[in-house]
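Reading through the structure tokens given below for one structure.
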Amino acid sequence: MPLNVSNLYSGYGRVRIVQDVTMSVGEGEILAVIGRNGVGKTTLMKTLVGLLGTLHGTIEFRDQDISRMHASRRARLGIGYVPQGRGLFTRLSVGDNLVMGERVGGIGATNRRRVFQFFPILEERLSQKAGSLSGGEQQQLAFGRILAGHPELILLDEPSEGIQPNIVQEIGRIIQRLRHEEGLTVVIVEQNLELIHAVADRCIVMDKGKIIAELTADEIKEPEVAKRYLAIAT
Amino acid sequence: MEEFALIFGYIYQYLDNIGFLILAASGLIIIFGMMGVINMAHGELMMIGAYITAFTYYAGVPAPIAILLAGVGAGIAGIILERLVIRFFYKQLLSSLVVTWGLSLMFSQGFLLIFGPSILNIPTPFGNFPIDEQTFGIYRLVLFGISMAMIAGVWAVFTFTRFGTHARATMEDPEMADALGVNTRHVYALTFGLGSALGGIAGGMFALTATISPFFGINYTPLAFITVVVGGGANVITGLLASVLALAGSQTLVNNLVNVYVGYLGMMGTALIILLVLPRGISEYLERRKIRTERASGRE
Ligand SMILES: Nc1ncnc2c1ncn2[C@@H]1O[C@H](COP(=O)(O)OP(=O)(O)OP(=O)(O)O)[C@@H](O)[C@H]1O
Ligand SMILES: [Mg+2]
């Protein structure tokens with residue numbers, strides 16, 4: 001099992017945000033996480049990656065308990081993280097950002113060919129500073145960066161945020177190709193229902209730090225069900 | 001001929017001041033840029049370098065090798081300091097100032113206890129050359145050359161090596177670097193070691209021109225400190241170069257217009273004016289401008 005989370009609690013200082021989250025993701029599965037703004041989706045992702053400490057509970061990656069492991073070691077085990085807001089090194093060139101992804105999945109040969117296959121624009125922009133790319137290009141770089149390494153589990157936090165529809169569709173296609181061709185496992189936090197329709201096998205719904213529902217692929221396709229959970233009105 | 005000697009004298013002084021500031025500050029600014037810490041014990045790392053140079057030199061080791069050994073020794077001392085103390089104070093400018101100041105006192109008092117107040121000297125190599133009535137020391141020009149080589153070396157390491165890429169990324173966003181599998185604790189320790197080693201080498205070089213005592217560091221820390229603050233931490237190379245050119249320039253100018261004591265005041269005045277206009281240092285401003293122009297040209 002690539003990812004197995006049980007009774008996970010985490011937060012900032014003494015404030016608990018993520019509460020009692022239990023979830024697992026199977027080999028080659030694409031799991032979507034939805035929920036309104038501020039319910040703790042990003043907090044959950046950061047805890048999985050190791051940027052936030054686990055207060056209670058366990059996180060297992062391939063049957064190994066990683067809940068106390070330093071973030072950099074988790075990444076080298078094969079967890080690739082594309083954060084909300086992209087987390088690019090804006091002062092570094094596109095090429096150097098790709099170098100920064102090469103440690104994901106262990107210290108092996110670079111996978112640059114694959115990156116340029118998926119995102120040809122990055123090859124043209126190689127020596128440009130990441131901070132000077134357009135929003136869409138930046139998202140492609142953030143995704144491409146982890147593909148420069150050898151991730152086995154990919155965590156995407158709102159990849160469609162602030163991006164035009166055709167690039168969102170492109171990202172959806174890439175996620176599916178990665179799963180079919182390379183068997184990658186994906187957890188994707190999303191608000192964009194179309195993207196979720198297109199890629200997700202299963203979907204968990206969060207509210208106030210807890211998982212309150214789980215939807216099958218069929219249920220995701222029913223607009224009423226998903227909309228109810230995503231209703232932005234507060 | 002007299003005019004030539006005069007102009008040459010100005011240039012010589014300028015190069016001498018530039019070399020001095022670069023050697024004293026390059027290790028310090030690397031550490032500041034990376035970790036947001038100004039190490040007030042940097043002068044004492046230089047002092048350690050000076051002692052290592054003196055002891056090995058008098059044990060028969062040739063001076064260039066003695067100076068390299070000083071770099072190695074100070075680098076190791078720096079890594080130990082970083083692991084034991086300094087890593088707890090990253091990005092906390094004020095606390096780190098106090099703590100490293102304490103360390104600096106500890107080092108100088110410790111050396112006083114162990115080696116006593118006695119003063120060591122190493123003869124300055126290469127001798128002098130005369131122009132007109134004046135004589136100029138060749139070693140000062142060698143120091144300038146080595147300071148340039150040091151900057152070029154630091155630039156190459158940060159630009160072309162994998163460690164350099166990891167370091168620049170860590171400087172911008174350490175969390176993200178960690179999340180991508182780069183162990184930032186190692187990056188920090190190595191960077192601190194590198195900065196300390198440069199301090200040790202500088203200490204070794206100055207050991208050939210100055211007297212070596214437990215209070216050796218006091219001659220360097222304040223000027224290095226000002227250079228670093230004026231340069232800013234956003235870009236180590238441009239910050240250091242811009243700051244040094246401005247400070248050494250004003251010092252040389254005021255030196256010759258008035259006299260040596262006022263020269264330092266001229267330098268302080270320049271530092272003050274630059275910091276009033278650019279409170280976060282010159283390189284911060286240059287970096288922001290660079291991103292802006294790149295963005296403009298990327299959107300043609
Ligand atoms: N660094 C922080 N310190 C303290 N509280 C935080 C911090 N970051 C987020 N929070 C709080 O944690 C809660 C969950 O935030 P989180 O970013 O995980 O939500 P989210 O579901 O990702 O929201 P969005 O859809 O807007 O991205 C919010 O109430 C937020 O205010
Ligand atoms: Mg979020």
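Note that this is a predicted model, so its numbers are computed, not measured. Protein chains get the first letters and strands the later ones, always in sequence-line order, with residue 1 at the start of each. Computation of the quantities below employed the complete heavy-atom set of this structure, encompassing side-chain atoms and omitting hydrogens, waters and symmetry-equivalent molecules.
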* To do: Examine whether an atom of A/L77 lies under 4.5 Å from a heavy atom of chain B, and if so say whether it belongs to the side chain, the backbone or both; otherwise answer neither.
  => neither
* Asked: Do A/E190 and A/N192 pass the side chain to side chain donor-acceptor pair (under 3.5 Å) test, and can you show the C-alpha distance, the side-chain angles, and the key distance before you say yes or no?
  -> CA-CA 6 Å; A/E190 252 310 330; A/N192 183 318; 5.1 Å; no
* Do any of residues 23-40 of chain B come closer than 4.5 Å to chain A, heavy atom to heavy atom, and if so which ones, in number order? -> none
* Over 60° means perpendicular and under 30° means parallel, so classify the ring planes of B/Y188 and B/Y90, tilted if in between. => tilted
* To do: Any chance you could lay out the side chain to side chain donor-acceptor pair (under 3.5 Å) test for A/S10 and A/T47, step after step, and finish with the verdict?
  => CA-CA 7 Å; A/S10 76; A/T47 314; 2.7 Å; yes
* Asked: Taking only residues two or more places apart in sequence, or in another chain, which ones meet A/F143 in a ring-ring contact (aromatic ring centres under 6.0 Å, His included)?
  -> A/F119
* Could you go step by step and tell me if A/D65 and A/T58 meet the side chain to side chain donor-acceptor pair (under 3.5 Å) rule? -> CA-CA 7 Å; A/D65 185 353; A/T58 56; 5.5 Å; no
* Asked: Non-hydrogen atoms of chain B under 4.5 Å away: do they reach the side chain of A/T90, the backbone, both or neither?
  -> both
* Side chains of B/Q251 and B/M268: closer than 4.5 Å at any heavy-atom pair? -> no
* **Minimal non-hydrogen separation, A/L55 against A/G11, with atom names** => CD1-N, 4.0 Å
* Asked: Around A/R68, counting heavy atoms of other residues, nucleotides and ligands shown, do more than 12 lie under 6.0 Å from its CZ?
  -> yes
* Asked: Would B/L286 and B/N235 count as a side chain to side chain contact (heavy atoms under 4.5 Å, CB included) if you check the C-alpha gap in whole Å, the side-chain angles of each, and the deciding distance to 0.1 Å?
  -> CA-CA 8 Å; B/L286 292 177; B/N235 184 321; over 6 Å; no
* Structure fact -> Given the options A/V189, A/I34, A/L44, A/M206 meets side-chain contact (heavy atoms from CB on, under 4.5 Å) only with A/L44
* What part of A/R73 gets closer than 4.5 Å to chain B, counting heavy atoms only: side chain, backbone, both or neither? -> neither
* Choice from A/R74, A/M100, A/K46 maximising heavy atom contacts with chain B below 4.5 Å -> A/M100
* Asked: A/V49, A/L92, A/V99, A/L88: which one forms the most heavy-atom pairs within less than 4.5 Å of chain B?
  -> A/L92
* Asked: Are the charged groups of A/E27 and A/R62 less than 4.0 angstrom apart, N to O?
  -> yes
* Asked: Heavy-atom distance under 4.5 Å to chain B: side chain of A/V104, backbone, both or neither?
  -> both
* Heavy-atom check, side chain of A/F118 versus side chain of A/L178, under 4.5 Å -> yes
* Structure fact -> Within residues 163-182 of chain B, the residues sitting under 4.5 Å from chain A by heavy atom, in sequence order, are B/T165, B/H166, B/R168, B/A169, B/E172, B/D173, B/E175, B/M176, B/A177, B/D178, B/A179, B/L180, B/G181, B/V182
* Structure fact -> With A/Q117 as partner, the option from A/R177, A/E123, A/R112 fulfilling side-chain contact (heavy atoms from CB on, under 4.5 Å) is A/R177
* Structure fact -> In A/L184, A/T185, A/D63, the residue satisfying side-chain contact (heavy atoms from CB on, under 4.5 Å) with A/P2 is A/T185
* Asked: Among residues 271-280 of chain B, which ones touch chain A with a heavy-atom distance under 4.5 Å?
  -> none
* More than 12 heavy atoms of other groups within 6.0 Å of B/Y285 OH -> no
* Asked: In Å and rounded to the nearest 0.5 Å, what is the CD1 to CD1 distance from A/I175 to A/I30?
  -> 6.5 Å
